[in-house]
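Shown next, in structure tokens, is the structure this report addresses.
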Protein chains: 4
Amino acid sequence: MASGPTRPRLRARYERRRDGVARAAAAVFAQRGYDQTSVQELTQAMGLAAGGLYHYFESKEQLLIHICDQLVEPLLVRANELLARVEQPEQQLRELVHLWVAHVVEHRDHMLVFDQERHVVERGINWRRVRSSRKQFERLLEQTLARVEQTRAEPGWDRRVALSALLGMVNYTAQWYRARGRLAPEQIADGYVELIIGQPG
Amino acid sequence: MASGPTRPRLRARYERRRDGVARAAAAVFAQRGYDQTSVQELTQAMGLAAGGLYHYFESKEQLLIHICDQLVEPLLVRANELLARVEQPEQQLRELVHLWVAHVVEHRDHMLVFDQERHVVERGINWRRVRSSRKQFERLLEQTLARVEQTRAEPGWDRRVALSALLGMVNYTAQWYRARGRLAPEQIADGYVELIIGQPG
Amino acid sequence: MASGPTRPRLRARYERRRDGVARAAAAVFAQRGYDQTSVQELTQAMGLAAGGLYHYFESKEQLLIHICDQLVEPLLVRANELLARVEQPEQQLRELVHLWVAHVVEHRDHMLVFDQERHVVERGINWRRVRSSRKQFERLLEQTLARVEQTRAEPGWDRRVALSALLGMVNYTAQWYRARGRLAPEQIADGYVELIIGQPG
Amino acid sequence: MASGPTRPRLRARYERRRDGVARAAAAVFAQRGYDQTSVQELTQAMGLAAGGLYHYFESKEQLLIHICDQLVEPLLVRANELLARVEQPEQQLRELVHLWVAHVVEHRDHMLVFDQERHVVERGINWRRVRSSRKQFERLLEQTLARVEQTRAEPGWDRRVALSALLGMVNYTAQWYRARGRLAPEQIADGYVELIIGQPG
DNA sequence: TATGAATGAGCCTTCATTCAT
DNA sequence: CATGAATGAAGGCTCATTCAT
């Protein structure tokens, strides 16, 4: 079974371990690919025996879903908070991109896994939740771009193109960002924002 | 064996069939994922029996490599031609992006497969050729951006960021472009160029 | 796949092999039990490699179903023929029991497997066909007993009890009959008939 | 360990619980099959956690053996008592069948399990005790039939056939008897006796 | 006594690949 | 060239059993 204990104390320990398992799995999946990683390799990398995974997840796929959920959900939550807090459209966009880049960089492994498994995410029967969260985030982004447009005489972009460009560039960050590299996440985010809304005043 | 006939006439027919097989495979892989597609499903989708694939490719992985090669190599060749033909840096960039977007859109399936299998491309032992081609294309792109910078007083971007943004947005196009959609490839390419080098004219 | 070829020549060979596989499996199942027999052991006993079973049956359970079908269906068919051919009720019963005992003895292995897996047969979702055939055979038997009753002043039995007793004793034959034993199937059948309808005139 | 406490008071409680566990298990096994029932399902159905079973039985197989022992042993004991008490052969047979049918009906679940696992009972290394008890019971039965024969001018049956028929019909009762049905165990037993020894005086 | 996390052997099944036809 | 039966290694997953708590 993969639902775990109900008594609070044990429950907490269980959930901590469960998240640890998911994080470790994300790292392995990111490196070797979901399908190419056997459950044996996986559990070995987490210090568990073969069958031990199934105390925490009911299947290898549910583990994958959990990883992607951990990526998309919190970003959506924090994006909503941000938009409620900030008023000025350009400032919203700027902070949104900063938040997003930071998230992508911090959850690099999750992001790489998510990208890789696009075809399952899009078509899989158990993936509705993940699909919905991603969709909602994209909608927030598009609405923000729309508000930015309204502050200008002429937009200077096609909104669909700008939105997709932003999605492409930010998500791709996970593939080239290096923690010890020259560029900090904030600089990268600033660079992206400037491409979209032009030079900062 | 998968090297095929040597007499010119038969050779041509063989290669045509081989490319057809690869194209059909790309479509299936793009939809279902490489690992999740069995050779049985694959060959069935191409009107062949299970063993038939092995007349054209010596393994499932070689087929995958061929698909990625078909994507990257021709783009590199045509990019080189373009840069030899056009002189003005901004014009080079503009035409490069147009060429590239057109290529991505035309080889959507190949592109989706290529993206999906990033971890194999990066680490696989038989993938040196593909890695090298991709690397060369990125270098062309970076050099072009460098030349554009030199025509300006101040670049207005960090070159690494601009390069990665471009890679991210153009490649991502494969994931959202629809042939019957509102935007033609040329419009999309124009949009991208404007984001990078600022408003035209 | 487990549907096999369609061309007549190959089809015939396929079906012959398929039946051979089922027969061999019945023998092993009868001896060791269905659940206790691994597919490895099974295929080894049939001169196939592990995966080879799946050319003929889509799962271990479908193999089991086939075995039980091979037992019940033909008996039902031949019982119907017999009842159409013979007129006198007591003679019908006598010949029915003879046919049945012969069938049980000839398909000893199938019978032992069938008995053993009663709980699956009764509740399994894929077992409707088998359940229905068995039900029909029992109905034929009951109707025959009813006709025998009508030839008598008083039945001398409760029909439900007689029917169940008959089912119990004949099916149990599979568990003790020995081909080289003292009793021939015909003698056994005669013994059963006498118990049911009393001493032969 | 599964031997339990030694102090009389605790011992009694332990054994009561142990028998309760076995009875509950018999019900589940009868329904789903021994092999198809996991220890998890089993213990859950008894309000225990997974490991709890092992306080009462040292293995799943020992539990199964206990169930079968609970079925066969008491019947043997009571059959012996009966034969010591009753003198007239036909009366012995009649009462034996009554006792036996009542036992089968009362321990329906145990009986179904026992039947199902025939191949283990016959060949299993830990099953000697059960095999021996069953063998002894069959011998009692056969001897009783022999004594009945001696009271008659001509037996009217082959003894082996009569014995097997009796075994088949009585044991099969577990499969069709319904507590709320039309027939009481005594009526069923009478029916069987009549089939064997002919109409009652 | 009881728990339930953990183990690890073994299960059924899939699948890339081979080869006789 | 093409077929498809056959292989056998490897996969994900289950489950009887153990043991620290």
Side-chain angles (χ1 to χ4, degrees), chain A residues 1-2 4-7 10 13-14 17 35-43 47-61 63, chain B residues 1-2 4-5 10 13-14 17 35-44 47-63, chain C residues 1-2 4-7 10 13-14 17 35-43 47-61 63, chain D residues 1-2 4-5 10 13-14 17 35-44 47-63:
Chain A
M1 206 202 325
T6 42
R7 274 183 299 166
L10 294 176
R13 216 175 56 138
Y14 174 84
R17 195 112 168 71
D35 282 298
Q36 318 249 8
T37 307
S38 74
V39 170
Q40 304 271 347
E41 289 169 323
L42 207 53
T43 48
L48 273 173
L53 173 66
Y54 297 88
H55 279 289
Y56 299 103
F57 296 96
E58 53 186 48
S59 70
K60 196 187 172 194
E61 194 193 9
L63 166 58
Chain B
M1 199 206 330
L10 295 176
R13 213 174 60 138
Y14 173 83
R17 198 118 166 65
D35 282 296
Q36 318 242 12
T37 307
S38 73
V39 171
Q40 303 269 348
E41 289 170 319
L42 208 55
T43 48
Q44 192 169 323
L48 274 172
L53 175 67
Y54 294 86
H55 291 291
Y56 299 103
F57 297 96
E58 56 185 48
S59 72
K60 196 187 173 195
E61 194 192 10
Q62 283 300 331
L63 165 60
Chain C
M1 206 204 324
T6 41
R7 273 182 299 164
L10 295 176
R13 218 175 57 138
Y14 173 83
R17 196 113 169 71
D35 282 297
Q36 316 250 10
T37 307
S38 73
V39 170
Q40 304 272 347
E41 290 170 320
L42 207 56
T43 48
L48 273 173
L53 174 66
Y54 296 87
H55 279 289
Y56 299 103
F57 297 96
E58 54 186 51
S59 70
K60 197 188 172 192
E61 194 193 8
L63 165 59
Chain D
M1 202 205 327
L10 295 175
R13 212 173 62 133
Y14 173 83
R17 198 119 165 66
D35 282 296
Q36 317 243 11
T37 307
S38 73
V39 171
Q40 302 270 349
E41 288 171 320
L42 208 53
T43 49
Q44 191 169 325
L48 274 171
L53 174 67
Y54 294 85
H55 289 290
Y56 300 104
F57 296 97
E58 55 186 45
S59 71
K60 196 188 174 193
E61 194 192 10
Q62 284 298 332
L63 165 59

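All figures in this text were calculated on a predicted structure; none of them were measured in a lab. Proteins get letters first, then strands, A, B, ... in listed order; numbering begins at 1 in each.
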Expressed in angstrom and rounded to an integer, what is the separation of [X] atom [atom1] from [N] atom [atom2]?
X        : N       : atom1 : atom2 : value
Leu42(D) : dT17(F) : CG    : P     : 11 Å
Glu58(B) : dT17(E) : CD    : P     : 10 Å
Gln36(C) : dC12(E) : CD    : C1'   : 16 Å
Tyr14(A) : dT3(E)  : OH    : P     : 19 Å
Lys60(A) : dT14(E) : NZ    : P     : 16 Å
Asp35(A) : dC15(E) : CG    : P     : 11 Å

- Under 3.5 Å donor-acceptor, Tyr14(C) side chain and His55(C) backbone: yes
- Item | Polar side-chain atom of Lys60(C) near backbone of Ser38(C) as donor-acceptor pair, under 3.5 Å | no
- Which one, dA5(E), dT17(E), dA6(F), comes nearest to the side chain of Tyr56(C)? dA6(F)
Protein N or O to nucleotides 7-10 of chain E N or O, pairs below 3.5 Å:
unit_1, atom_1, unit_2, atom_2, d
dT7(E), OP2, Ala49(A), N, 2.8
dG8(E), N7, Gly51(A), N, 3.4

- Item | Leu48(A) and Arg17(A), any side-chain heavy atoms less than 4.5 Å apart | yes
- Can you check whether Leu63(A) reaches Tyr56(A) side chain to side chain, under 4.5 Å on heavy atoms? no
Heavy atoms only, 4.0 Å cut-off, all strands: where does [X] land among base, sugar-phosphate and nothing?
X        : result
Val39(C) : base
Arg13(D) : sugar-phosphate
Thr37(A) : sugar-phosphate
Arg17(A) : sugar-phosphate

- Message: Using 0.5 Å steps for rounding, measure from the CG atom of Leu42(D) to the CZ atom of Phe57(D).
- Response: 10.0 Å
- Message: For Leu53(A) versus Thr43(A), what's the shortest heavy-atom pair and its separation?
- Response: CB-CG2, 3.8 Å
- Item | Shortest non-hydrogen contact between Gln36(D) and Glu41(D), atoms and distance | O-OE1, 3.5 Å
- Message: Does dA2(E) have OP1 or OP2 under 4.0 Å away from a side-chain N or O of Tyr54(D)?
- Response: no
- All stems that DNA chain E takes part in, i.e. 3 or more consecutive Watson-Crick or G-U pairs with distances under 3.5 Å, are E:2-21 with F:2-21
